[in-house]
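All chains are named by letter (A, B, ...) in the order of the sequence lines, taking the proteins before the strands, and each is independently numbered beginning at 1.
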Amino acid sequence: MSIYDSLNPMQRQAVFHTEGPLLILAGAGSGKTRVLTHRIAYLIQEKEVNPWNILAITFTNKAAQEMRERVDRIAGFGSDAIWVSTFHSTCARILRRHIDNLGYDTNFTIYDTDDQKSVIKDVCRRLNVDTKIFKERALLSQISHAKDNLITPDQMEMDAAGDFNQKKTAMVYREYQAALRKNNALDFDDLIVKTVELFQNCDRVLEYYQERFKYIMVDEYQDTNYAQFKFVSLLASRYENLCVVGDDDQSIYKFRGANIENILGYERVFPNAAVIRLEQNYRSTQNILNAANHVIANNAERKEKTLWTENEEGPKIHFRQFMNGFEEAEYIAGEISKAHREGLCQYRDCAILYRTNAQSRLFEEKFINANIPYKIVGGVNFYARKEIKDLLCYLKTVDNARDDLAVQRIINVPKRGIGATTLGRVQDYADKMGISLYEALRVAEEVPSIGRSLSKIDGFVTFIQMLKSKAQAYTVEDLLKEIIELTGYVKELEAEDTEEARARIENIDELISKTVTYQQTMEEQDQPATLAGFLEEVALVADIDTVDPEQDYVLLMTLHSAKGLEFPRVFMAGMETGIFPSYMSINYGDGSELEEERRLCYVGITRAMKELTMTCARQRMVRGETQYNKVSQFVQEIPRDLVDLGHTIQEKKPKMEQVFSSDSKYSQMKQIFQTKAYKPKEFKVTKADALDYQVGDTVRHMKFGVGIVKAIAEGGRDYEVTVDFDKVGVKKMFASFAKLKKI
DNA sequence: TCTCCATCGTTTTTT
DNA sequence: ACGATGGAGA
């Protein structure tokens, strides 16, 4: 009896086929993660491959972590030497060691979307490009697409020929790249592009990694772009042990440059590739799978296949139409509440999937009302919050003073009386001398007509220099705390004394605890905890990575975020024409967009294991105006006999008392909602009648660990508890946020 | 230099 | 509806 006996014949074939290129076409729920983990175990145990020689690329950090854990469980040991991570993290790691070959510093900064926008804006201003005609967004997306396809500014300009607009874009692209280089920064796409460039320019480096990664696996291959394809094929070109797993029906990132040709043309690129299909689904009931199969069959551009299952038939797909979005949300909240009360499911068994992030709001309202714990994935990134970005920019400046953007952001935060005029003068001087902004600040006395601002600038420079000198000896945590202390950032917020300010302080505490976690993880892995490492990790996390499977909450997310996940109970909300499929895919494009939406729908349906509910509203507020939408065509594509329609339309006659009670509840709720907007990740309960701990008790906090309660103060809607933690010292927090447990 | 207010556009999805 | 942006006034 071996661990491989539990696999079906196809899965076993895939596991045992270790040499040479292999394409696994894995339908939804066909156990591909199982195949990948067993394959890694097989390589290590039976083929005696050194774990060190294995590279596995996953779509998210969360998937990477899960894969490592599962390999650990079946292979027992050695899994920590396997390199499992996302494309972006993998490339960042390689570049941190070798990017000096391309003339960058190895402590480069990674720019997020906001940073990119600032750079583009600046570039347009310098080039006199009118951003009313050339939208920053459009420019960025064109640049990004060029990078996805490894097109350089020069090439873009050549391709433009006589096209004026295209030429202008190429110009902006070139200038944008120059600005990034000057700041010693890379954007997300650059991580891949520069790694490919590195491989192409430095044979030695390429050879090293080719030898190192003798066995390569890529998950979610249908969503790779050309640059990523180039990256893996360069790596694999020596041994050709490249195993890719994907499903063309689940390709949903074309808008991000994913090239479906990568998977469809795999056999052309690797003529000796073996192809294995996994078509047995182990996840969903027959009804759910049938529905999915019928929907996806409407797509013309696909590899024909039909998933089947031996699972039970299961309940029908529930479909409900409501008068408006409120009732829709209320219904779903009610259903989850009921099922939980009756012990049919835990909260974490349920997920609500929608097309756009904006749709999460209604659910948030109703969930607070119904006291259901939930977590919203996506939306505004934690690290994109103002207070977080400010502090991170301090860290960035300490780490890489060439990052002008970071310096610009913090130079007058908190207010130091250094305004736009002064900054402009220094910037001009820096440009003229060809030095970075920070260097110019250091020699500010040489800047013409700088006047009284000089002393203020000197103060700032001294401050940063002081931090820099401490950075070597300090942990990231200490450094961050020092910055907070000396800038008075938190003090300023405390003085504001608003709900909003308190929420920001909460976020800052969260950031501190993230530095602690980082330190711990690095120590566990026996790696040095560096400032650059922390900043990199922070830049490359997706919100979905922070989902904790141990915690019992309902997950709310977009269909895109749900890729790769599964839930016993799935609710697909907003099944309306114009919402899903989005109006963009209907009005623009050539129909391929609509097919992508349909694949998205297919992904959604196949997330469900036991029960699937689709809902829609007749009337919906979108961007402040009321829309009347028809039922989504995707719903119509499911055969009638698979669907349970409930009792016609869910018409709810509002009773007087309901109007009143819900009204007052709504205003109550709205208050909470506003504070929550800064802390949407945690479920907030209303003030507990009594806390089950008191001053002097020992309590445990999820992140800060064990500590002793020093004080409890009445604070309006909530208790403010002061705790002295063993690890992180004294903290003040709100009882309902902190969820302290007496021990 | 900072703060307040009006105007504008934005949204489909994300590493 | 909402946030970002830019202009005007203090």
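- Residue E597(A) is in base contact, counting any heavy-atom pair closer than 4.0 Å across all strands shown.
- For F363(A) and F571(A), the gap between ring centers reaches or exceeds 6.0 Å.
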In the 5'-to-3' direction, what one-character label does each nucleotide of nucleotides 3-8 of chain C receive under the scheme B = base within less than 4.0 Å of a protein heavy atom, S = sugar-phosphate only, - = no such atom? --S---

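- Among the protein residues, N357(A) comes within range of the sugar-phosphate backbone only, with heavy atoms under 4.0 Å from sugar or phosphate atoms but none that close to a base.
- Nucleic acid contact class of S561(A) (heavy atoms, under 4.0 Å, all strands): sugar-phosphate only.
- Across all strands, A358(A) comes closer than 4.0 Å to no nucleic acid atom at all (heavy-atom distances).
- When the P atom is used for both dT13(B) and dA4(C), the distance is 16 Å, rounded to whole Å.
- Nearest-nucleotide positions on DNA chain B for K415(A) and L540(A) put K415(A) closer to the 5' end.
- A residue-by-residue look at I252(A) and K456(A) shows that K456(A) has its nearest nucleotide of DNA chain B further toward the 5' end.
- In this structure, the ring of F231(A) has its center no less than 6.0 angstrom from the ring center of F229(A).
- Nucleic acid contact for K135(A): sugar-phosphate only, since backbone atoms but no base atoms lie under 4.0 Å from a heavy atom of the residue.
- Using a 4.0 Å heavy-atom criterion, one finds that N61(A) contacts no nucleic acid atom at all.
- Close approach of DNA chain B to chain A, defined as any atom under 4.0 Å from a non-hydrogen atom of the protein, starts and stops at dT1(B) to dT15(B).
- When every heavy atom of L594(A) is checked against every heavy atom of P581(A), the shortest pair comes out as CD1-CB, 3.7 Å.
- Across L540(A) and N61(A), no two heavy atoms sit closer than the pair O-ND2, 3.2 Å.
- By the side chain to side chain contact (heavy atoms under 4.5 Å, CB included) test, A617(A) pairs with E576(A), R620(A), sequence neighbours left out.
- Expressed to the nearest 0.5 Å, how far CG of L55(A) lies from OH of Y209(A) amounts to 11.0 Å.
- The closest side-chain heavy-atom distance from L198(A) to I99(A) is not below 4.5 Å.
- Residue I411(A) comes nearest to F460(A) through the heavy atom pair CA-CE1, 3.9 Å, listed as atom of the first residue, atom of the second, then distance.
- Across all their heavy atoms, V196(A) and L234(A) have their closest contact at CG1-CD1, 4.0 Å.
- Here Y253(A) lies in heavy-atom contact (under 4.0 Å) with sugar-phosphate atoms only.
- Counting non-hydrogen atoms under 4.0 angstrom, Y583(A) reaches the backbone sugars and phosphates but no base.
- T60(A) comes within 4.0 angstrom of no nucleic acid atom, judged by non-hydrogen atoms across all strands.
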